[in-house]
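Have a look at the structure below before the remarks.
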Amino acid sequence: MAYQTLLFDIDDTLLDFGASEEASLALMFKHFGLSLTDEIKERYEVINQNLWRQFERREIDRQTIFQRRFPELFQEFQLADTTAGLQAEAVYREGLNHGHQQVPQAQALLQQLSQLPQLQLYIVSNGVAKTQNMRLQDSGFAPYFKQVFVSEAVGYQKPDVRFFDSVANNITNFDKNKTLIIGDSLTSDIQGGVNAGIDTAWYNPQHLTTTTVQPTYQISELLSLLKLV
């Protein structure tokens, strides 16, 4: 298949969101003079992921995620009051804005793809626009992409087909049959591709299995993508 348009997810596909998140959590807990234990980190992951899944299913909006995750965490562990939980979001977000640790091989992949004249690279993300744009700039990845599509600005989120319809409408000569979505999330990236009728490459470095949705391709290393395009 000769692809001409590559749609890249950011978090845990190009940038190591887990590392950025852990550093931001540590800074935020230090700001409030609180101890961040492994139990608290694990519970935060569960709360946060559950909220993002609800967002993907259009059960809640993005702002609800930010209003609920730290207050719920703080209340559960009796760390501080609700006001502090809301303040924690702003402190955490500021740290996350500057988190730009790279996924292995991401830099090398983008450099090589940028030398292939038939390809155009775009970002498709469910994140916060300000955060994602800052992270792309700080990582040095921004120049590789013609345009950045973030759900906050688009008005819809992956895997909603309307998100990808909006992307298609904003790319000149877009052809979904010559487009490939690259991402780590089965529920947003791969399901989104299925919904939109676009081929997908599931970045799966942990060699997980799936019975829910089937990607067109699976790769465990980013440079393997070169064989597909």
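Between the side chains of N97 and T131, a donor-acceptor pair is found at a separation under 3.5 Å. N195 and Q191 are linked by a side-chain donor-acceptor pair at a separation below 3.5 angstrom, with hydrogens and angles left out of the test. Using modelled atom types, one finds no donor on one side chain facing an acceptor on the other under 3.5 Å when comparing T187 with R57. When only modelled atom types and interatomic distance are considered, Q218 and N204 share a side-chain donor-acceptor pair under 3.5 Å. Judged purely by distance below 3.5 Å, without hydrogens or angles, the side chains of S166 and N169 never pair a donor atom with an acceptor atom. Of the N and O atoms on the side chains of Y92 and E94, not one donor lies less than 3.5 Å from an acceptor on the other residue. A donor and an acceptor atom, one from each side chain of D11 and Q132, are located under 3.5 Å apart. Inspection of the T13 and D184 side chains reveals an N or O donor paired with an N or O acceptor under 3.5 Å. Under 3.5 Å, the side chains of Y144 and Q107 contain a donor-acceptor pair of N or O atoms.
Under the 4.5 Å side-chain criterion, counting only non-hydrogen atoms from C-beta, E39 is in contact with F77. Side-chain contact check for R58 versus Q157: some heavy-atom pair is nearer than 4.5 Å. F32 has its side chain within reach of V91: a pair of non-hydrogen atoms, C-beta onward, lies under 4.5 Å apart. Residues L6 and Y122 form no side-chain contact, since every pair of their non-hydrogen atoms from C-beta on lies 4.5 Å or further apart. Looking only at side-chain heavy atoms (C-beta outward), K146 and L121 stay at 4.5 Å or farther from each other. Side-chain contact between L186 and W202 is present, with at least one heavy-atom pair separated by less than 4.5 Å. In this structure, L86 and P71 have side chains that are in contact, with non-hydrogen atoms separated by less than 4.5 Å.
With hydrophobic clusters built from ILVMFWY side chains whose heavy atoms lie under 4.5 angstrom apart, L225 does not share a cluster with I190. Using a 4.5 Å cut-off between side-chain heavy atoms of Ile, Leu, Val, Met, Phe, Trp and Tyr, with links allowed through other members, L180 and L109 fall into the same hydrophobic cluster. Hydrophobic clustering, with ILVMFWY side chains joined whenever heavy atoms are under 4.5 angstrom apart, groups L14 together with Y3. Transitive grouping of hydrophobic side chains (ILVMFWY, heavy atoms separated by less than 4.5 Å) keeps V194 and F174 in distinct clusters. Placement of L34 and I47 within a single hydrophobic cluster is found when ILVMFWY residues are connected by side-chain heavy-atom separations under 4.5 Å, directly or transitively.
For the atom pair CZ (R69) and CG (N50), the distance works out to 13.0 Å, reported to the nearest 0.5 Å. R53 CZ to I65 CD1: the interatomic distance, rounded to the nearest 0.5 Å, is 10.0 Å. Remark: Q67 CD to I60 CD1 distance equals 10.0 Å, nearest 0.5 Å. If you take OG on S139 and CG on L110, they are separated by 8.5 Å, rounding to the nearest 0.5 Å. A distance of 7.0 Å separates OH in Y203 from CD in Q105, rounded to the nearest 0.5 Å. With rounding to the nearest 0.5 Å, the separation of CD1 in I182 from CG in D189 is 9.5 Å.
Judged purely by atom type and a 3.5 angstrom limit, T216 uses its side chain to pair as donor or acceptor with the backbone of T200. Side-chain atoms of S24 come within 3.5 Å of backbone N or O of L96 as a donor-acceptor pair. K158 places no side-chain N or O within donor-acceptor distance of the main-chain N or O of E56, the cut-off being under 3.5 Å. In terms of modelled atom types and a separation under 3.5 Å, the side chain of H31 and the main chain of F29 share no donor-acceptor contact. One N or O on the side chain of R135 and one on the backbone of G99 form a donor-acceptor pair closer than 3.5 Å. Within the 3.5 Å criterion, the main-chain N or O of A129 finds a donor-acceptor partner in the side chain of N133.
Counting non-hydrogen atoms of other residues, nucleotides and ligands closer than 6.0 Å to CD of Q118 gives a total above 12. The 12-atom threshold is exceeded at CD of Q101, counting heavy atoms of other residues, nucleotides or ligands nearer than 6.0 Å. More than 12 heavy atoms of other residues, nucleotides or ligands lie within 6.0 Å of CD in Q111, so this atom counts as buried by the packing criterion. Crowding of Q78 atom CD: a count of heavy atoms from other residues, nucleotides or ligands under 6.0 Å not exceeding 12.
Note on ring orientation: taking the six-membered ring where Trp is involved, the planes of F70 and Y44 are parallel (angle under 30°, cut-offs 30° and 60°).
Between K41 and E45 there is no salt bridge, since no side-chain nitrogen of the basic residue lies less than 4.0 Å from a carboxylate oxygen of the acidic one. The residues R43 and E76 are annotated as salt-bridged, a charged nitrogen and a carboxylate oxygen being separated by less than 4.0 angstrom.
Closest approach of I171 and L7 over heavy atoms only: CD1-CD2, 4.2 Å. Across all their heavy atoms, L228 and A201 have their closest contact at CD1-CB, 4.4 Å. The two residues G193 and I181 have their closest heavy-atom pair at CA-CD1, 3.5 Å. Across V103 and D12, no two heavy atoms sit closer than the pair CG2-C, 4.1 Å. V150 and V128 get closest at one heavy-atom pair: CG1-C, 3.9 Å. Here the shortest heavy-atom pairing between E152 and K130 reads OE1-N, 4.3 Å.
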